[in-house]
**Student:** 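Just passing along the structure, written as structure tokens.
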Protein chains: 2
Amino acid sequence: MSGSDRAVLARPQLTPRGRAIRDAALKLFAERGYEATTTTEIGAAVGIRGPSLYKHVSSKQDLLVAIMLDAMDNLHDVHALAVAGVDDVADRLRRAVEAHVRFHTRHRLEAFVGNREIRSLDEVNRAVVVARRSSYERLIRGLIEEGVAASRFHVASVKLASYALLDLGMGVAAWYREDGDLSEDEIVYTYGRFALTLVGAAG
Amino acid sequence: MSGSDRAVLARPQLTPRGRAIRDAALKLFAERGYEATTTTEIGAAVGIRGPSLYKHVSSKQDLLVAIMLDAMDNLHDVHALAVAGVDDVADRLRRAVEAHVRFHTRHRLEAFVGNREIRSLDEVNRAVVVARRSSYERLIRGLIEEGVAASRFHVASVKLASYALLDLGMGVAAWYREDGDLSEDEIVYTYGRFALTLVGAAG
DNA sequence: TGGAAAGGCTAATGCTCAGTAGCCTTGATA
DNA sequence: TATCAAGGCTACTGAGCATTAGCCTTTCCA
């Protein structure tokens, strides 16, 4: 079973209003933070009062968890898709970084909230989200290790290089704007090449 | 008058207890976020009750503002010091990035809070902090522009390159630990070199 | 030695919030 | 047409929060 299948199964069907609420919550969480967002505001964003939200959603916390888990599943999926069937390790890294960066432009709110609001999760949910994030980080680090083992990459520190690549994605989520003067493709392409120079990949 | 002088003049003298309170607040703001930190907790961290804080501090918001402005002044200072008297533009960039990264290891809590809690500032304070941050970002971007103008650097986009360099610093603030297995010097040196390859500096 | 300033404390104030209770309307179905 | 579920609403509950009021002890100088 592919990651994509698992993800699809794991994601519950949402009614249109349920989806609208999640979208509104995502936007507000990104803008002012989870703690600073009130249920009244989320309600107002979809044209209802705060308490009416609870006909669709079990709690504010659950809204955050759902957003985060969905984003993490999504990120795993695009990664898997990006490297599937690609043999050359440099190609794999470049494609993985491109997918990483593209995800952070296309889902910048999810990525932003996913990175910043981990501490707003209660202990149980935090453990789940952190575990899923670590598993993703290991995928990137694994690619670098693979290249180093094959003498295709030359880095002072695998850890440092992988941190750098991951951090660049997060940075994108923080400043990217669809209507900005840097296009998605431009950023994706440039960062894909950054990645290769950064790990000292020849040619 | 140097940036350093200005900064010293602007920073009010703090009593030892006042400093302890600020340190405690910084730690807590970094750990759980400004909104999620209570005055009771800040007080407890220095051995007094919440209300007693107000004998030393005018508000929780002021505590945050003071921490942020101090950090921004500090960052400007280390930048100025790093590039002072250095002529070669590649050297200047490398030294600036080294200073940037070193700052983010040595003052990771301040940097972390400074980046994440901007939205917790009220409008007036936010404007001041954002302006000071933008001025710093312009310094870095200016260095890259200078190198490009002199045909020493070759980048697809000055903006993209400067974002990338700035984001790496922020990333460091998020994951660096003094007792981790990556030393400050190692990170600083590696990122200084990253910077040069990233802007396509020859040799 | 007396009095004032510094700096603790508890109690209270006034506000905001997430979430619940319970009611009402609407629209589909039997 | 009677019923019932879905999904709004207002009013309420209970908790937590920053900050203020006002009191008490200690310390330090005149």
Side-chain angles (χ1 to χ4, degrees), chain A residues 12-68 113 116-126 129, chain B residues 12-68 113 116-126 129:
Chain A
Q13 284 293 11
L14 279 182
T15 62
R17 174 130 285 180
R19 171 153 302 282
I21 291 171
R22 253 180 67 166
D23 289 350
L26 171 60
K27 215 161 165 180
L28 287 164
F29 291 165
E31 241 166 52
R32 42 192 88 179
Y34 175 79
E35 310 264 8
T37 300
T38 68
T39 53
T40 304
E41 289 170 325
I42 301 172
V46 296
I48 62 178
R49 307 289 173 147
S52 302
L53 287 174
Y54 290 81
K55 298 283 162 135
H56 303 276
V57 151
S58 70
S59 71
K60 189 183 158 193
Q61 172 83 192
D62 268 12
L63 221 30
L64 179 62
V65 174
I67 288 170
M68 285 192 167
V113 169
R116 278 175 118 98
E117 298 297 350
I118 287 191
R119 60 189 175 189
S120 301
L121 294 169
D122 62 40
E123 243 178 295
V124 177
N125 291 324
R126 184 164 49 236
V129 170
Chain B
Q13 283 294 15
L14 279 182
T15 61
R17 174 131 284 182
R19 172 153 301 281
I21 291 171
R22 253 179 69 165
D23 289 351
L26 171 60
K27 214 162 165 180
L28 286 165
F29 291 165
E31 241 167 51
R32 41 192 89 181
Y34 175 79
E35 311 263 7
T37 300
T38 68
T39 52
T40 304
E41 289 170 325
I42 301 172
V46 295
I48 63 179
R49 308 288 174 150
S52 302
L53 286 174
Y54 290 81
K55 295 284 161 127
H56 304 276
V57 151
S58 70
S59 72
K60 190 183 156 192
Q61 172 83 194
D62 267 12
L63 221 30
L64 179 61
V65 174
I67 287 169
M68 286 194 166
V113 168
R116 279 173 118 98
E117 298 297 350
I118 287 191
R119 59 190 175 190
S120 301
L121 293 170
D122 62 41
E123 244 179 294
V124 177
N125 291 326
R126 183 163 50 237
V129 170

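In what follows, chains carry the letters A, B, and so on, assigned in the order in which the sequence lines appear, proteins first and then strands, with residues in each chain numbered from 1. Just so it is clear, the values below take in all heavy atoms, side chains as well, and ignore hydrogens, waters and symmetry mates.
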**Student:** At their closest point, which heavy atom of B/Glu35 faces which heavy atom of B/Ser120, and how far apart are they?
**Tutor:** OE2-OG, 3.9 Å
**Student:** Measure across A/Ala30 and B/Arg119 and return the closest heavy-atom pair with its distance rounded to 0.1 Å.
**Tutor:** O-NH1, 2.9 Å
**Student:** Between A/Arg116 (side chain) and A/Phe29 (backbone), is there a donor-acceptor pair under 3.5 Å?
**Tutor:** no
**Student:** Walking along DNA chain C from 5' to 3', note the first and the last nucleotide with an atom under 4.0 Å from a heavy atom of chain B, and give both.
**Tutor:** C/dG7 to C/dA11
**Student:** How close do A/Met68 and A/Ile118 get, heavy atom to heavy atom, and via which atoms?
**Tutor:** CE-N, 3.6 Å
**Student:** To the nearest 0.5 Å, what is the distance between CD1 on B/Ile42 and NZ on B/Lys60?
**Tutor:** 6.5 Å
**Student:** Please work out if B/Thr39 contacts a base, only the sugar-phosphate, or nothing of the nucleic acid, heavy-atom cut-off 4.0 Å.
**Tutor:** base
**Student:** With sequence neighbours left out, what residues match A/Val65 under side chain to side chain contact (heavy atoms under 4.5 Å, CB included)?
**Tutor:** A/Gln61, A/Leu69, A/Leu121, A/Asn125
**Student:** So B/Thr15, base contact, sugar-phosphate only, or nothing? Heavy-atom distance under 4.0 Å.
**Tutor:** nothing
**Student:** Is it the case that the side chain of A/Glu117 and the backbone of A/Tyr34 share a donor-acceptor pair, with hydrogens and angles ignored and the cut-off at 3.5 Å?
**Tutor:** yes
**Student:** Of the residues in residues 43-62 of chain A, which ones touch DNA chain C at a heavy-atom distance under 4.0 Å?
**Tutor:** A/Pro51, A/Tyr54, A/Ser59, A/Lys60
**Student:** Supply the atom-to-atom distance B/Asp23 CG to B/Arg19 CZ, rounded to the nearest 0.5 angstrom.
**Tutor:** 6.0 Å
